[in-house]
Protein chains: 4
Amino acid sequence: MITVIRPGTKEEQIDSLIHWFREQGLDVHISKGEVHTVLGIIGDTAKVDTDLLEGLEMVEMVQRVSDPFKKANRKFHPEDSVIDCGGVKIGGGHFAIMAGPCSVESEEQITLVANEVKKAGATILRGGAFKPRTSPYDFQGLKAEGIELLLEAKKQTGMPIITEIMNANHLPLFEKVDVIQVGARNMQNFELLKELGRTNKPVLLKRGLANSLKELLMSAEYIMAGGNENIMLCERGIRTFETYTRNTLDLSAVPVLKELTHLPVIIDPSHATGKASLVPSMAVAAVAAGADGLMIEVHNDPKKALCDGAQSLTPAQFEKLAKRVEKIRTALED
Amino acid sequence: MITVIRPGTKEEQIDSLIHWFREQGLDVHISKGEVHTVLGIIGDTAKVDTDLLEGLEMVEMVQRVSDPFKKANRKFHPEDSVIDCGGVKIGGGHFAIMAGPCSVESEEQITLVANEVKKAGATILRGGAFKPRTSPYDFQGLKAEGIELLLEAKKQTGMPIITEIMNANHLPLFEKVDVIQVGARNMQNFELLKELGRTNKPVLLKRGLANSLKELLMSAEYIMAGGNENIMLCERGIRTFETYTRNTLDLSAVPVLKELTHLPVIIDPSHATGKASLVPSMAVAAVAAGADGLMIEVHNDPKKALCDGAQSLTPAQFEKLAKRVEKIRTALED
Amino acid sequence: MITVIRPGTKEEQIDSLIHWFREQGLDVHISKGEVHTVLGIIGDTAKVDTDLLEGLEMVEMVQRVSDPFKKANRKFHPEDSVIDCGGVKIGGGHFAIMAGPCSVESEEQITLVANEVKKAGATILRGGAFKPRTSPYDFQGLKAEGIELLLEAKKQTGMPIITEIMNANHLPLFEKVDVIQVGARNMQNFELLKELGRTNKPVLLKRGLANSLKELLMSAEYIMAGGNENIMLCERGIRTFETYTRNTLDLSAVPVLKELTHLPVIIDPSHATGKASLVPSMAVAAVAAGADGLMIEVHNDPKKALCDGAQSLTPAQFEKLAKRVEKIRTALED
Amino acid sequence: MITVIRPGTKEEQIDSLIHWFREQGLDVHISKGEVHTVLGIIGDTAKVDTDLLEGLEMVEMVQRVSDPFKKANRKFHPEDSVIDCGGVKIGGGHFAIMAGPCSVESEEQITLVANEVKKAGATILRGGAFKPRTSPYDFQGLKAEGIELLLEAKKQTGMPIITEIMNANHLPLFEKVDVIQVGARNMQNFELLKELGRTNKPVLLKRGLANSLKELLMSAEYIMAGGNENIMLCERGIRTFETYTRNTLDLSAVPVLKELTHLPVIIDPSHATGKASLVPSMAVAAVAAGADGLMIEVHNDPKKALCDGAQSLTPAQFEKLAKRVEKIRTALED
């Protein structure tokens, strides 16, 4: 960690800061330039609070050299992690598509979609039971009943299921759920992350709308620090000034995260773009970029459920997409 | 609400959509242009899910005309709300400064700071007991003990206290706390908001780093829909590309929120800028813009607690700031 | 175009506004709701200035239904445009890779790189002669001499060349250049765009760092309105809060622009990511997403020119990338 | 400047980099940590191209310690600069309001507005002659004739005038203009900046929509490096995800720029917010924050020119605003 001292700071103040670093078991290299004095802090600096340090009058700038995430860091764990999601492996060359409706609506709907996406090549069933909605007046999901319906679809199709948790108190309801999803709005709900760290369930952690990739890794670290290392990371679009798409898919997240961490990386083009017409090209692009998996919204019959169409593909569109994904994967393997 | 139909859509599809709107008790005005058909939806459209609507193949664009927040909306509640914070009023002409340290550290520290900020003009004591931290390895606050220390400082100084909640399960610990703060990272932790809606405690709701002002109002609506209308809104900086300041203080939040809602608006220049040197000018600017209150970080003795200086003012700096605030308020009243 | 009237506006004011629209040859449909009156404006609304309209006290909101770009609009020109770049076609199924160094440095360097990238599959040579630099103290390019060296490389290899223009007064120097590039910082240098509209040179127009895709199309419209329809659009990353990559590559630009316009879409992963290690995966992702071309930085010998390595690939890395691109293209064609 | 070497880099490569720095007259301090080697580069590092350096395989991170702007830097020029704008001083305690219409429309209009704003307290007249418009089909200003009309208004009122330049070739038309404005879209039109550096006209340089404050200072440096040090900086809103306001006014620009530079800082709340109702509160906030001047749009008779009302105040609203500004200034002086 580098700490740049503001010009004009008294020697005794600098000494006091150096002393403080050393008290914490850190080594300090001092480099005096014409204008600036720069301290190089060596040792386990993950515990140093850079926000606090930057607040000091005498400090002009603080810059980490080592990343503050440890368990998620590829430097200390060079091999890809492989996560077992109820029998389906993801990471380290194992690829999977999670597909299903935005919300679980009925047994008929979820079972129908499950069968359709399974036939087309999906290996994990997604479906929302607890739904985070911007407005308190919007449909909030079938909740516990939704999970029951997902479990019924799992029973009938054999597909492992993934669904979102919004409240640590609901954990008992997730006992038979294969993968727990943490939504973008909860990426820094640290209390929830800590609770998930005490379980051993696979967790799909979605990047927050305004969170950097390093912050995503710090949130993964929260869960891993608690003992649960079954984490998958998911890019689902960040918030920018562009309004044509609902969010901006930051696909460079794939190669960046592959450099920084050993955890699998999943791309969700449905939420990222918010428009069904953009999903297929972004899905194949994600696969070409090296993603370990996709999460795709698929609905059953748009004629029956008139308004169940946001950003979702029909089963036929999904099947076509899955074939293109397969082609890309084959091409890249050769 | 306006719904623009994609050119080339069949008449029967449009009819089916119009029928669907009418089934929900809404009235539909049809306007056919050379290229586009536009539907004007009239009635209580707050319950219509625009995301779902936009997902329909036949829909080119959806635009709300009425805002989906009701209880927080100034249109239906033209008078300013005044919130009673343990005896200190905020809103409708009542102004207050909340001040205190980032984290509660010890009885000595919190009582000392409380006395200092009270003397200088603050009327509510702030202090973090549960601390949301990006890294699991950073100090997470004194938790329950921190609240005890705040209550002790309240006893000694008579100041009402505000502190942040991170987990609805902790609510019993907040029984004697005067104002509960919801941090930026939890602005869309809807489960927490719903729980707070079941209390009658004043809540200070901070804007999320990537949330629009209308989303902030929707989150206030979550609490109000539950029955608790004692809400104050707080702007504390949004995330942008600029890196010199920790966040970008969006001070236009003050006049915008004053137009849209009757709820009081508080500005937190300490978190917004992340630099003590920028706090005073942003604080007086906020007051000039019409804010109902300020939240300012003040620490006691930076020499003793070497690293407790992030974005915090010394008591002497705070006193000077409070005087400038008073001058501005007097000047604007004349 | 939809114009929503603020509640409480007097009838005579609304009448005056309707009159004003009709004077401009537009038709107005009036729709009165419980709270809001909504005007649907029909006709050629491209000439209506929405900024000015929104400034009116009586107007609550203005929303375009038709896009204000005409010549670039796929609605009026459904077939893909094919641009002839000195004999190399781009668009409508024709794909090309533009490759070469960030800056032209010497005849030896540019000719060497030209030969290398041609061998690997590039068909257009890129190289900066006039360089836009944030700092006045940074190297600004070889300027006219740089163009001479590019022309020499063109002579030796037969490759058409593309290079950036920064000043309309330099146009005479670009007479033998095959494609003129407009950089991101000049995307809204309207005076330059107008001048380029008076030529018939192919233009590669780069998206500005904070410009929406519709603004990019409006800038293309500036050139096309002048008579030059040989435009290619280039996404090269937008500015967001993420700092790990230099910019954030908005790859959804490919399918979005394909929907909105008939112009070819090129992706520049080198500038978008700013890191050579991220270029290959973003390049293949772009091709999978349907891009019509790539622009890639390639430098010759990083050992000789120590600091000529920013975001550039070596010829060997480029060759490998070109092969992966070819595989993806073949896979998608099947 | 700090350069962090990637772990695993060979000693000879590091030596070669150190050698390269020394060849450029820079001194290098070497600091070896457990994992990282950090080079501290000492001397005039403004000429080192950090983009190129970061592109090197062996370099993990580059961080400037000194700012690359020199002439604009307060460190080397601690006293506030005072700019003489045709007799009106700005900076170093001198405050001015620039006011006038968005576009010059007619002699009657500009003279009327000039008289009104002068009476209310404005000391510089603004008005657009060359107008940058997103669409080629929008009104582009009266151009040369507009400047003639401004000069006529200047003659009649004695007010110095400011108007925007979009093309260096138009400079002869600006001979009698008192202050030349560079718009946000041209902040990095380096060719234009260089030309302005060769004049001695006061320049008002507006911050680009996606440009950091340090980039704004680098653009000022472009002009100053050419010899023209009569620069004023203007914050007019940046582009963020928030859509309620046209842009987001980053008012912290005032104290930040005051720390970094000696140049005067002007705030333009009209363009920043895009809504007349928000202008007054943001204007007084800017003054409270310490701005050296304001730029405010004022139109004459909104009834006559129906659509000339975007973000503009009426003369009566402007007069009221000017009085509030005066009160704030008096309060802060005491």
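Letters A, B, ... are given to chains in the order of the sequence lines, protein chains preceding strands, and every chain is numbered from 1.
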TODO: Mind checking the CG-CD spacing from D:Leu209 to C:Glu215? Nearest 0.5 Å is all I need.
DONE: 8.0 Å
Open item on the list: Please find the pair of heavy atoms, one from D:Ala225 and one from C:Tyr137, that lie closest to each other, and give the distance.
Closed with: CB-OH, 4.2 Å
- [ ] Could you check if a side-chain atom of C:Tyr222 sits within less than 4.5 angstrom of a side-chain atom of D:Arg133, using non-hydrogen atoms only?
- [x] yes
Open item on the list: Less than 4.5 Å to any heavy atom of chain D: does that hold for the side chain of C:Lys214, its backbone, both, or neither?
Closed with: neither
Open item on the list: If I compare all heavy atoms of C:Glu191 with all of D:Met166, which pair ends up nearest, and what's the gap?
Closed with: CG-O, 3.4 Å
Open item on the list: Can you tell me which portion of C:Pro132 sits under 4.5 Å from chain D's heavy atoms? Options are side chain, backbone, both or neither.
Closed with: both
Task: Closest-packed option against chain D by number of heavy-atom pairs under 4.5 Å, given C:Met224, C:Lys275, C:Arg185 - done: C:Arg185
- [ ] For atom CD of D:Glu23, decide whether the heavy atoms of other residues, nucleotides or ligands shown that lie under 6.0 angstrom number more than 12.
- [x] yes
Task: Most contacts with chain D, counted as non-hydrogen pairs under 4.5 angstrom, among C:Asp138, C:Thr134, C:Val48 - done: C:Thr134
TODO: Indicate the atoms forming the closest heavy-atom contact of C:Lys194 with D:Gln140, along with that distance.
DONE: NZ-OE1, 3.4 Å
Open item on the list: Would you compute the distance between atom CZ of D:Phe241 and atom CZ of C:Phe241 and round it to the nearest 0.5 angstrom?
Closed with: 10.0 Å
Open item on the list: So, applying side-chain contact (heavy atoms from CB on, under 4.5 Å) with D:Asn189, which one of C:Leu192, C:Asn167, C:Asn186 is it?
Closed with: C:Asn186
- [ ] Check whether C:Arg239 gets within reach of chain D through its side chain, its backbone, both or neither, counting any heavy atom under 4.5 Å.
- [x] side chain
Task: Under 4.5 Å from any heavy atom of chain D - which part of C:Asn211 - done: both
TODO: Just give me the residue among C:Lys70, C:Gln13, C:Met218 that pairs up with chain D most often, heavy atom to heavy atom, under 4.5 Å.
DONE: C:Met218
